[in-house]
Amino acid sequence: DLYKDNLQVYYESLAYHYKNGHSIYKAVDYLRKSAEKNMDRYALHEANQYYREAFELLLNKTDRIREDDMLLMETLLDWVVVHYHLAAYHHMYELLSQYETFAVSLGDRLTLGMFYVRIGSALSRMERCREGYNYLHKALAIGESIGNEKIIGYACTWLIINCADLCLLDEALDVGRRVQGMDIFASDKYVFRLSTASLGYTHYFRGDAEKVHDAGNRLLEYGMKHDDMGSIVLGHTCHGIGYVVIGNFASAIECFRRAI
C-alpha cells in the first residue's frame, strides 16, 4: 500500500523477487508489466527478455490448467509484438507457427482471431503476402462472427498494407475506410498509427501525393499531441514518399532524415 501510487517504478524489482520465489502467477504478472513498461519507452530488448521469462515460466509449469494455457497464449500474442518492432519478422512467424495447433485447440474464438492477426502480419512483413492475406481474412471472419471490434480493427489495419503490396488498392482503401470509422481508430494508438501510415502507403502506389501528405500531417499532429514518437517517425516517412511521387527527391531525403 505504501508504494501503490508509484508501483510502476518497482515492476522489475517485483518481477525479480517473485521469479525467485514460489508465486509463479505474481512473477508472470510483474514480468509482463515490466515488459509493457519497457515497450512503452521502446526498450525493446528488455521487453523481449521480460516476455520471454514470463512465457517460459508458464510453459514449464508442470501442472498447467486451462487458465494457464490461456495466459500462456495471451503472453505469446503480446510478446511477438516486440519481434515486430524489432523487425524480427521471421522469428515472429517461427514462434507463432509452433503454437498454431495449440491456439486452435484452446477453442477460444477471441484468442484465435488475434493469433491469426499476429501470424498474418508476420507473413505480410516477410513478403509472403498471399499467405498473410489469407490469415488476416480468417481473423476478420472470426471478428465479424463474434462481433469483436478489436479483432476486426486489427485485421483491417493489417490488411491495408497487405492489400497494397498485392496491388489490391481498392480493397486496401475499403478496409482502411472501415477501420477509420470504428471507435478503436481513436482509442488505440497502434491502430491509428499503422492504419493511417498504411493508407498513406496505398496512396503512394496510386500516385496521389496530396493524400500521402495528408496522412503524414495526421500522423505528425497525433504524434505531437500524444507524445507518440512512432507516429512522428511515420509522419515524416509519409511526407518523404509523398515527395518521391512528384520527383522532389531533395525534400524526400530531408523527410527521411527527420524520420531517422
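On a predicted model such as this, the values are computed, not experimentally measured, just so you know. We're numbering straight along the sequence, starting at 1.
Relative orientation of the H85 and Y42 rings is perpendicular, given thresholds of 30° and 60° on the angle between their planes. Classified by interplanar angle (parallel below 30°, tilted 30° to 60°, perpendicular above 60°), the ring pair Y84/W158 is perpendicular. Relative ring orientation between Y99 and F102 is described as perpendicular, the plane-to-plane angle rising above 60° on a 0-90° scale split at 30° and 60°.
A cation-pi arrangement, defined by a distance under 6.0 Å to the six-membered ring centre and an angle within 45 degrees of its axis, is present between R130 and Y133. A cation-pi geometry, defined here as NZ or CZ lying under 6.0 Å from the six-membered ring centre and within 45° of its normal, holds between R128 and Y93. The side-chain tip of K33 points at the ring of Y30 from less than 6.0 angstrom away and within 45° of straight on.
Between the side chain of S97 and the main chain of E94, a donor-acceptor pair closer than 3.5 Å is present. Between the side chain of D214 and the backbone N or O of E210 there is no donor-acceptor pair closer than 3.5 Å.
Aromatic rings from Y243 and H213 are positioned such that their centres are separated by under 6.0 Å.
Checking E100 against Y135 by side-chain atom types alone, a donor-acceptor pair falls below 3.5 Å.
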Does F256 form a side chain to side chain contact (heavy atoms under 4.5 Å, CB included) with I241? I'd like the steps, not just the answer. CA-CA 9 Å; F256 293 142; I241 63 175; 3.9 Å; yes

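Using a 4.5 Å cut-off between side-chain heavy atoms of Ile, Leu, Val, Met, Phe, Trp and Tyr, M224 falls into a hydrophobic cluster with L220, M229, I232, V233.
Neither L14 nor Y51 shares a network with the other; the hydrophobic side chains, linked directly or stepwise wherever heavy atoms of I, L, V, M, F, W or Y lie under 4.5 Å apart, form separate groups for each.
Residues Y18 and D29 fail the side-chain proximity criterion, which asks for heavy atoms closer than 4.5 Å.
Salt bridge annotation for R125-D165: present, with a cationic side-chain nitrogen under 4.0 angstrom from a carboxylate oxygen.
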